[in-house]
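Below is one structure; the comments refer to it alone.
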Amino acid sequence: MDIQAKYYDPSQVEDKWYAWWLQNKFFHSEPDSRTPYTVVIPPPNVTGILHMGHVLNNTLNDVLVRKARMDGKNACWVPGTDHASIATESKVVAKLKAEGISKEDLTREEFLKHAWEWKEKHGGIILSQLRKLGASCDWDRTKFTMDPDLSEAVINTFVYFYKKGYIYKGVRMVNWDPEGLTAVSDEEVIHKDTPSKFYHMRYFISDGNGKATDKYIVVATTRPETIMADAAVCINPDDERYHWLKGKKVLIPLINKEIPIIEDSYVEMDFGTGCLKVTPAHDVNDYEIGLRHHLPVIDIIDDHGRLTADAQILVGEDRFVARKKIAKMLEEAGNLEKTVDYTSPIGYSERTNAVIEPKLSAQWFLKMDALAKDALESVESGKVKLIPDKYRNTYKHWMENVRDWCISRQLWWGQRIPAYYLPDGRYVVENSPEAALEAARKLDPSIKAEDLRQDEDVLDTWFSSWLWPISVFDTQKAGHPEKEGNADLKYYYPTNDLVTGPDILFFWVARMIMAGNEFMHDVPFRNVYLTGIVRDKLGRKMSKTLGNSPDPLELIQKYGADSVRLGMLLCSSAGNDILYDEAMIEQGRGFCGKIWNAYRLIGLWEAEDKAQSAENAVAVQWFTDRLSQAVSQIEDHFSKFRISDALMTAYKLFWDDFCGWYLELVKPAFGEKMDAVTLKATLAFFEELLKMIHPIMPFITEELWQDLSPRDGQTIMLQPYPKAAAFDEKRIAAFETAKVAIAGVRGLRQEKGLSPKQALKVKLTAFPENMVSVLVKLANVEPLAEISGAGATVMAGTAKIDILLEGLVDNAGEKSKIEAEITRLEGFLVGVRKKLSNEKFVSGAPQQVVATERKKEADAVAKIEALKSALERL
RNA sequence: GGGAGCAUAGCUCAGUUGGUUCAGAGCAUCUGCCUUACAAGCAGAGGGUCACUGGUUCGAAUCCAGUUGUUCCCACCA
């Protein structure tokens with residue numbers, strides 16, 4: 001034990017041990033005869049940087065993995081990154097723009113070259129940041145969703161589902177992101193209530209020849225810039241106010257285009273004016289109405305959200321600029337009746353935060369109904385457990401109402417859709433140009449390779465990440481359910497636990513279950529631990545714009561990774577949002593300091609050849625029991641994914657019981673030495689505690705464990721986790737009582753004004769004989785005359801002790817309390833006896849439970865008697 | 001609009017078939033202590049009508065109904 005430093009300095013410790021762990025490949029896993037414990041990382045965006053959400057996720061993941069590793073499992077945590085098509089592409093576009101290069105000026109190949117350069121430059125950052133946090137990933141297995149072989153798996157999957165008839169191409173109203181210039185899925189649209197205006201516009205009735213009459217109707221809209229694309233004005237057929245309109249036509253303001261009045265029960269009579277302008281090209285519902293009434297589709301907004309020539313006016317203006325301008329024009333033309341403030345839910349792109357524009361376009365879709373049905377069954381049957389299980393409801397709801405998945409994206413960064421078009425517009429879907437050519441020749445033998453044109457679009461990122469738990473082990477399996485799978489896949493799949501945020505339950509978790517069912521005929525993981533979302537201490541989401549998102553690397557720099565990990569776990573009970581507070585990390589630092597100092601204290605002790613004192617024997621015995629008790633509690637917490645409870649159990653064991661009581665008890669008096677038996681036991685305790693804490697705080701525990709004795713190249717991370725032995729709860733309980741008694745004595749001494757007469761008498765018969773001397777030592781008092789052995793009494797300061805030990809207070813004022821207690825106990829007896837007279841309970845419940853009930857009954861009877869006799873005495 | 005969840009100390013949360021681990025923990029607060037590992041410490045203390053109202057029960061933080069507040073999910077009413 002050579003540690004000299006007075007304070008723990010993580011910067012001297014963390015990088016050193018992480019490098020050593022890496023060098024010795026302690027994180028690496030290969031299939032062997034042990035039970036595997038497998039986890040795949042939720043792959044962070046390849047160009048992302050570490051934020052607090054990652055810290056939380058990966059800390060939890062690492063705790064689970066390290067715990068499993070110490071439990072003797074073959075732990076394998078596969079790291080990697082996600083290509084994140086929209087996010088990455090928009091970053092690359094922005095970077096090129098800053099350099100004066102426009103994406104439009106580049107060919108696909110040129111752009112991809114830039115994108116790959118970007119990836120090579122930034123792709124490793126987030127993974128290196130995870131190493132700072134102590135993540136014990138098997139870095140040799142690092143994967144990227146656009147690795148050539150993983151991409152191949154994606155293409156195979158597309159071809160597989162296409163040939164199965166699940167993938168089809170269709171024209172649909174999609175959510176268009178005018179900034180990202182791509183369609184996004186329904187799930188990637190965030191609806192936010194946004195203040196806007198309701199424009200009440202006059203549409204004049206046509207005289208039948210395209211001229212306005214003096215009659216008009218009022219149509220309300222939030223999007224006046226789309227009136228040029230109106231195809232009709234719609235009323236509810238039951239709306240008597242507007243029956244006179246039937247069969248008439250109205251003129252679109254400003255452009256005076258004649259459009260019909262139609263009737264559809266979709267229109268709500270009491271919303272707005274009861275008149276709805278139908279704009280099939282720019283609204284999902286209007287599109288549906290248009291289909292029913294065979295209305296023309298007039299598209300006046302281009303991919304960038306600007307008005308097109310078809311709008312006739314304001315051509316080239318951005319839609320929001322056009323809105324303002326057109327409102328003014330309407331007003332000048334006398335068509336604007338009024339505007340009212342209105343809050344409406346507007347869809348925003350999750351990636352770019354641009355307002356989503358509903359837009360008609362040709363996209364690829366994957367049929368979801370059959371896949372969703374199986375995926376629902378996997379969770380309903382418990383094959384996949386969601387933790388906490390409140391998410392089962394939302395999961396079920398989503399699975400039962402799922403719509404087909406739009407899997408095409410109008411981007412370049414991603415796996416290109418393997419559809420190859422013939423010149424006549426027909427297409428074939430194959431996993432390579434060669435196979436496509438062959439297939440195309442079956443349609444048209446004259447086709448040459450250069451005649452085929454591959455689809456320009458790429459696949460949704462989730463269409464690759466849903467294969468993640470399969471493709472990180474075997475890239476040939478996805479798309480080929482008939483293949484056997486390689487040794488890795490057979491050994492590691494299904495993975496055990498998945499730790500991720502609830503925000504991607506549907507994006508990712510549900511879809512992985514689908515892919516697992518389809519290709520592996522088994523779910524991809526057994527447990528899904530859904531963390532909360534990290535918020536600041538005021539409950540706001542972490543965001544760049546609010547500036548409330550701390551940089552985890554700075555925190556690690558300032559406090560050390562162990563402290564950051566502990567702090568994160570301290571404020572994270574499962575399923576609840578995490579209200580991050582730097583004070584929690586300070587608490588982590590405090591705990592590091594406590595461990596460090598406890599170690600320093602023990603390091604000062606020297607042994608000499610002498611007999612172990614009775615007090616020390618009691619202390620060692622007690623802490624042995626206490627340690628086992630805590631380990632069994634921790635195991636229970638881990639089995640229920642109550643990580644912060646497990647942590648708190650270890651925290652209190654170390655701080656309160658070990659440092660606060662045990663060390664104080666055995667600490668030799670100044671200038672004295674310790675007996676060898678106690679010192680040996682103390683060192684053993686300390687080592688067990690280090691191992692217990694290691695999964696949570698890997699660095700400081702390794703540092704101290706290495707210093708504790710020569711380790712010969714061993715690491716704490718591969719030591720067996722402490723095991724619970726049988727322990728005596730009675731001894732623990734007696735000690736707890738002793739703690740209270742001591743507190744009482746201390747309190748007595750502190751409050752000097754308290755006279756002995758006022759103090760209550762406490763009998764110590766409940767204690768083993770040598771416990772009395774323990775009490776005296778800990779209370780740091782001279783025995784108050786009467787203390788001399790079992791059965792002796794000590795003056796103590798609180799009534800609480802008395803009640804604990806005697807069950808009674810010798811005090812007339814307590815009479816009514818006692819009576820109330822008797823009444824309560826009698827009621828309790830009724831309940832217990834009712835339970836015990838129930839055949840089903842007695843024969844059905846475990847014997848142990850029944851026995852407990854009987855004991856409760858007997859105890860209650862005895863207690864009632866005691867209380868009654870006490871009452872008589874009063 | 002539809003669905004789900006939540007409401008316990010100043011804050012964040014435990015509380016596992018209704019009772020005997022029932023009112024708890026950590027942090028924060030207050031009061032004493034520089035006691036020879038740690039003042040980043042130690043010893044104490046205060047603090048809650050378990051959201052509200054009814055109901056079931058011998059007994060309710062716990063079960064039921066309603067009310068209020070709040071969060072999330074789904075749908076978008078232009």
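Since this is a predicted model, take the numbers as computed values, not measurements. Within every chain, numbering begins at 1; the chains are lettered A, B, ... in the order of the sequence lines, protein sequences first and strands thereafter.
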Quote, to the nearest angstrom, the [atom1] distance that separates [N] from [M].
N	M	atom1	result
B/G24	B/G48	P	12 Å
B/C27	B/C73	C1'	32 Å
B/G19	B/C11	C1'	31 Å
B/U12	B/U29	C1'	16 Å

Minimum-distance nucleotide to [X] side chain [options: [options]]:
X	options	value
A/Phe828	B/U16, B/U20, B/A78	B/U20
A/Phe198	B/C72, B/A78, B/G26	B/A78
A/Trp398	B/A78, B/C74, B/C27	B/C74

* Look at the rings of A/Tyr651 and A/Phe591 and say which category their plane angle falls in: under 30° parallel, 30 to 60° tilted, over 60° perpendicular. => tilted
* Would you please classify the geometry between the A/Phe685 ring and the A/Tyr662 ring as parallel, tilted or perpendicular, with 30° and 60° separating the classes? =>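 A/Tyr662 vs A/Phe685 ring planes: perpendicular.
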* Structure fact -> When A/Met648 and A/Asp636 are each assigned the nearest nucleotide of RNA chain B, the 5'-most assignment goes to A/Asp636
* Could you check A/Asp283 against A/Leu829 and say which one's nearest nucleotide on RNA chain B is further toward the 5' end? =>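 Looking at RNA chain B, the more 5' nearest nucleotide goes with A/Leu829.
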* Structure fact -> 5' to 3', nucleotides 1-8 of chain B under a 4.0 Å protein heavy-atom cut-off (B base, S sugar-phosphate only, - none) gives ---SS---
* Nearest non-hydrogen partners of A/Met697 and A/Gly588, listed with the distance -> CE-O, 4.0 Å
* Asked: Between A/Cys234 and A/Val267, which heavy-atom pair has the shortest distance, and what is it?
  ->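 Minimum heavy-atom separation between A/Cys234 and A/Val267: SG-CG2, 3.5 Å.
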* To do: Examine B/C38: is either OP1 or OP2 under 4.0 Å from a nitrogen or oxygen in the side chain of A/Arg589? Give yes or no.
  =>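 For B/C38, OP1/OP2 do not have a side-chain N/O of A/Arg589 under 4.0 Å.
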* Does OP1 or OP2 of B/C42 have a side-chain N or O of A/Trp655 closer than 4.0 Å? -> yes
Once you round it to whole Å, what is the distance between [atom2] of [N] and [atom1] of [X]?
X	N	atom1	atom2	answer
A/Phe591	B/C27	CZ	P	11 Å
A/Ile252	B/A78	CD1	P	20 Å
A/Glu826	B/G59	CD	P	14 Å

* Give RNA chain B the dot-bracket treatment, 5' to 3': Watson-Crick (N1-N3 with N6-O4 or O6-N4) or G-U (N1-O2, O6-N3) under 3.5 Å, [ ] crossing, | other strand. => (((((((..((((.....[....)))).(((((.......))))).....(((((..]....))))))))))))....
* Spatial distance of atom CZ (A/Arg600) from atom CH2 (A/Trp605) [nearest 0.5 Å] ->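 A/Arg600 CZ to A/Trp605 CH2: 13.0 Å, rounded to 0.5 Å.
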Distance-only donor-acceptor check, side chains [X] and [Y], under 3.5 Å:
X	Y	answer
A/Lys396	A/Thr394	no
A/Ser563	A/Lys558	no
A/Ser265	A/Asn236	no
A/Tyr203	A/Asp230	yes

* For the pair A/Ile634 and A/Leu653, evaluate side-chain contact (heavy atoms from CB on, under 4.5 Å) and give the outcome as yes or no after the intermediate values. => CA-CA 11 Å; A/Ile634 286 171; A/Leu653 177 74; 5.8 Å; no
* Before accepting this row, confirm whether a basic side-chain N of the pair A/Lys359/A/Glu357 lies closer than 4.0 Å to the acidic partner's carboxylate O. =>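 Salt bridge flag = no for A/Glu357 with A/Lys359.
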Output a table of nitrogen or oxygen pairs between the protein and nucleotides 34-37 of chain B separated by less than 3.5 Å.
from	atom 1	to	atom 2	distance (Å)
B/A37	O2'	A/Asn597	OD1	2.8
B/A37	O2'	A/Arg600	NH1	2.9
B/A37	N6	A/Glu664	OE2	3.2
B/A37	N3	A/Asn597	O	3.1
B/A37	N3	A/Ala598	N	3.4

* Asked: Taking C-beta and beyond as the side chain, do A/Leu647 and A/Leu570 meet within less than 4.5 Å on heavy atoms?
  -> yes
* Sugar-phosphate, base or nothing in reach of A/Gln587, heavy atoms under 4.0 Å ->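 A/Gln587: backbone/sugar contact only, no base atoms under 4.0 Å.
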